[in-house]
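Heads up, the thing below is written out as structure tokens.
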Number of protein chains: 2
Amino acid sequence: MDQHRVTFTLNRLVGELNTTADRVLRKDFGLTYSQFLFLVHLDSAGTVSSSVLAKNMGVSRAAVSKRIPWFTSRGLVRSGHTPSDNRVLTLSATSQGKRLVAEMSDHLEQRFREKFDSLEGVDLDELNRTLLCVLDHFQQQPREAAMAT
Amino acid sequence: MDQHRVTFTLNRLVGELNTTADRVLRKDFGLTYSQFLFLVHLDSAGTVSSSVLAKNMGVSRAAVSKRIPWFTSRGLVRSGHTPSDNRVLTLSATSQGKRLVAEMSDHLEQRFREKFDSLEGVDLDELNRTLLCVLDHFQQQPREAAMAT
DNA sequence: CACTTTCTGTCAACTAGTTGACAGAATAAT
DNA sequence: ATTATTCTGTCAACTAGTTGACAGAAAGTG
């Protein structure tokens with residue numbers, strides 16, 4: 001319980017970051033952090049099916065399915081069936097949704113900068129690179145499954 | 001949505017780490033990662049009240065309260081009222097609980113090492129220090145609340 | 001002492017996820 | 001062409017957390 005304490009630190013940090021982001025967004029936009037994330041994913045994906053969005057978000061199809069009405073009823077997301085494949089429900093952010101998510105992103109980024117401008121000795125870009133490296137290394141390891149043929 | 005992408009990376013990484021830890025612990029011990037965390041906190045705290053444990057874990061008192069029977073019924077946790085204060089419910093890990101959490105920690109750490117021995121170019125201890133520094137800087141910032149007197 | 005406040009654990013009602021089952025549409029196989 | 005498989009979104013039932021209310025015990029205050 002000493003070496004993998006990095007994982008504890010990571011958990012504490014993201015907990016703190018997400019809680020703070022949530023508080024800010026609730027106060028200034030009336031939306032949850034997880035609602036923000038939904039819009040971010042949808043916005044960056046353009047037009048996607050419900051199940052692709054679920055996969056992108058790392059969440060079950062059912063979870064996405066249940067949240068859709070909340071967003072459509074507020075005019076933030078548009079949903080409809082494509083003629084090409086009657087199964088899939090096509091989702092995209094409305095212009096209002098895109099505008100909102102842009103505002104929220106800007107706001108959050110500004111807050112974030114304010115906090116970390118004064119942080120000397122840590123290069124956040126380098127930190128990000130390191131984390132991506134760790135993540136990459138960690139993900140390309142399911143050999144047990146791949147080799148079990 | 002460019003600068004605070006560090007936060008996205010962080011979220012992805014801890015998601016991956018926790019999911020993996022959960023899978024390992026379920027398979028080899030039949031316990032959840034969050035059950036493991038419960039025991040870790042309790043073990044490292046020694047003997048604590050329910051509400052202190054809740055605070056340590058960053059979770060509500062009700063959440064802890066509801067989970068206790070699961071652990072006591074399996075003989076992993078002991079709970080009882082102290083004579084000094086009849087309100088508080090005193091919790092501690094049984095010797096069986098301690099043994100289990102030690103085994104789980106060892107197992108997890110071993111798996112963790114296996115994965116990251118081969119990772120060159122990243123010093124995990126240094127990463128941990130950096131993260132702690134960021135966390136520290138981030139936490140000592142609630143000036144708005146503190147100054148509003 | 002009487003009182004108010006604070007703190008404890010628990011309850012009910014809610015939220016946002018999960019899994020497993022399902023029907024229907026698209027695709028693959030024979 | 002039929003049959004089988006796969007993929008879609010949704011439903012029901014469950015899980016693990018939340019908040020807000022509560023009663024009872026402890027501590028503070030007049």
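Proteins come first, then strands; the chains are lettered A, B, ... in the order of their sequence lines, and each starts at number 1.
A heavy atom lying under 4.0 Å from DNA chain D marks the following residues of residues 48-60 of chain B, by number: B:V59, B:S60.
A distance of 11.0 Å separates CZ of A:F38 from CG of A:N56, quoted to the nearest 0.5 Å. Taken from OG1 in B:T94 to CD in B:Q96, the straight-line distance is 5.5 Å, to the nearest 0.5 Å.
Regarding B:R67, its CZ atom lies at a distance of 18 Å from the C1' atom of C:dC11, rounded to whole Å. Rounded to a whole Å, the CG atom of B:L37 is 14 Å from the P atom of D:dA16. Spacing between atom CG of B:D22 and atom P of C:dG17 amounts to 17 Å, rounded to whole angstrom units. The NZ-P distance, from B:K66 to D:dG17, rounds to 8 Å in whole Å. Going from atom CD of B:Q35 over to atom P of D:dG17 covers 9 Å, rounded to whole Å. Remark: P of D:dC14 and CH2 of B:W70 are 19 Å apart, rounded to the nearest angstrom. When the C1' atom of C:dG9 is taken as reference, atom CG of B:L91 falls 11 Å away, rounded to whole Å. What separates CG of A:L89 from P of C:dA26 is a distance of 14 Å, to the nearest Å.
For D:dG9, the OP1/OP2 oxygens have no side-chain nitrogen or oxygen of A:S65 closer than 4.0 Å.
With 3.5 Å as the limit, one finds a donor-acceptor pair spanning the side chains of A:S92 and A:R78.
Under a 4.0 Å N-O distance rule, the pair B:D28/B:R111 qualifies as a salt bridge. Under a 4.0 Å N-O distance rule, the pair B:E109/B:R113 qualifies as a salt bridge.
A:T32 meets the side chain to side chain contact (heavy atoms under 4.5 Å, CB included) test with A:D22, A:R26, A:S34, A:Q35; sequence neighbours excluded.
Place A:V88 and B:T32 on DNA chain D by their nearest nucleotides, and A:V88 ends up nearer the 5' end.
The backbone N or O of B:L124 lies less than 3.5 Å from no partner atom in the side chain of B:N128, so there is not a single donor-acceptor pair.
Hydrophobic cluster membership differs between A:L42 and A:V88, with clusters built from Ile, Leu, Val, Met, Phe, Trp and Tyr side chains linked at under 4.5 angstrom.
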Provide a list of protein-nucleic acid N or O atom pairs under 3.5 angstrom, restricted to nucleotides 20-26 of chain D.
from, atom 1, to, atom 2, distance (Å)
D:dA26, OP1, B:N86, N, 3.2

